Amino acid sequence: MAQIIVYGHRETLGRRRPALKNAIHGAIMVALEYPADKCFQRFIALDDDDFVHPEDRGADYTIIEISMFEGRSDDAKRALIEELFHRVEVEAGIAPHSLEITITETPKLNWGIRGTNAADLTLGYKVEV
């Protein structure tokens, strides 16, 4: 399971949302061997006054926060970050300098999904990649 939150300037996200969605999900499918039908993303478009960051990041500055079950290898997480930087630049036109990515992992026990605790849930994909 991976939940994605994308923060960015209102105008930038408005123009690039479809490309970002595809780039992010493509990276997750490749690096984490994630099923194509499991896409969970939320876009938080912020007014300039509400999104404070160094000026050199520019109007394209975007933050991608990934919350997921623990169990992925360090290699898989490195591959995910590399895929995200590459795909977001190529597909959405956001340079790596203007992109920040964080991954937060938690035990399945800390998730509730489809009416049950995720520790008791049978998934249609593997987490240990």
Side-chain angles (χ1 to χ4, degrees):
M1 184 72 177
Q3 291 281 346
I4 315 300
I5 300 175
V6 181
Y7 298 92
H9 289 275
R10 188 169 305 285
E11 184 180 324
T12 300
L13 283 184
R15 284 185 286 118
R16 295 190 166 137
R17 184 177 292 122
L20 276 167
K21 176 196 166 288
N22 291 336
I24 293 166
H25 194 55
I28 287 175
M29 288 190 304
V30 168
L32 302 183
E33 301 176 19
Y34 214 65
D37 65 330
K38 302 293 184 190
C39 184
F40 301 95
Q41 300 180 8
R42 293 172 308 285
F43 291 83
I44 310 297
L46 299 164
D47 292 327
D48 292 346
D49 290 344
D50 294 324
F51 197 26
V52 179
H53 55 79
E55 285 187 33
D56 69 334
R57 300 308 192 272
D60 287 345
Y61 182 61
T62 304
I63 300 171
I64 299 173
E65 293 182 350
I66 303 165
S67 178
M68 63 186 188
F69 297 155
E70 65 184 359
R72 274 69 177 212
S73 68
D74 288 349
D75 287 342
K77 289 180 276 189
R78 285 179 182 277
L80 175 57
I81 289 171
E82 183 178 323
E83 280 285 326
L84 283 165
F85 278 127
H86 174 74
R87 287 173 181 259
V88 168
E89 183 173 30
V90 170
E91 297 177 35
I94 298 172
H97 178 75
S98 294
L99 180 63
E100 291 189 16
I101 302 159
T102 60
I103 298 172
T104 302
E105 295 180 290
T106 56
K108 288 182 188 177
L109 187 65
N110 293 358
W111 291 66
I113 302 170
R114 298 189 302 260
T116 190
N117 188 284
D120 303 323
L121 188 66
T122 301
L123 300 170
Y125 57 93
K126 60 184 176 175
V127 173
E128 293 78 19
V129 295

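Bear in mind the structure is a predicted one, so any value in this text is a computation, not a measurement.
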* More than 12 heavy atoms of other groups within 6.0 Å of E82 CD -> no

* Using a cut-off of 6.0 Å, state whether more than 12 heavy atoms not belonging to E105 lie near its atom CD. =>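 Enclosed: over 12 neighbouring heavy atoms sit under 6.0 Å from CD of E105.
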
* To do: Work out which heavy atom in E89 is nearest to a heavy atom in A95; give both atom names and the distance.
  =>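 Scanning both residues, the minimum pair turns out to be OE2-CA, 4.2 Å.
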
* Nearest non-hydrogen partners of A59 and T12, listed with the distance ->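 Minimum heavy-atom contact is O-OG1, 2.6 Å.
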
Verify same cluster id: [X], [Y] (apolar side-chain graph, 4.5 Å):
| X | Y | answer |
| --- | --- | --- |
| L46 | I4 | no |
| M29 | I103 | yes |
| F40 | F69 | yes |

For the atom pair [atom1] ([X]) and [atom2] ([Y]), what is the distance rounded to the nearest 0.5 Å?
| X | Y | atom1 | atom2 | result |
| --- | --- | --- | --- | --- |
| R16 | H9 | CZ | NE2 | 11.5 Å |
| T104 | E65 | OG1 | CD | 7.0 Å |
| I5 | I63 | CD1 | CD1 | 11.0 Å |
| R15 | D60 | CZ | CG | 6.5 Å |
| I66 | L80 | CD1 | CG | 4.5 Å |
| I64 | I101 | CD1 | CD1 | 5.5 Å |

* So among E100, E55, H97, which one has a side-chain hydrogen bond (donor to acceptor under 3.5 Å, both in side chains) with Y61? -> E100

When you measure from the side chain of [X] to the backbone N and O of [Y], does any donor-acceptor pair fall under 3.5 Å?
| X | Y | value |
| --- | --- | --- |
| S73 | V129 | yes |
| N117 | A119 | yes |
| S98 | R57 | yes |

Any side-chain heavy-atom pair from [X] and [Y] closer than 4.5 angstrom?
| X | Y | value |
| --- | --- | --- |
| F51 | R10 | no |
| I24 | V6 | yes |
| Q3 | W111 | yes |
| R87 | L84 | no |
| I28 | M68 | no |

* Answer yes or no: is there an ion pair linking K77 with D74, defined by an N-O contact shorter than 4.0 Å? =>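 Between D74 and K77 there is a salt bridge, with a charged N closer than 4.0 Å to a carboxylate O.
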
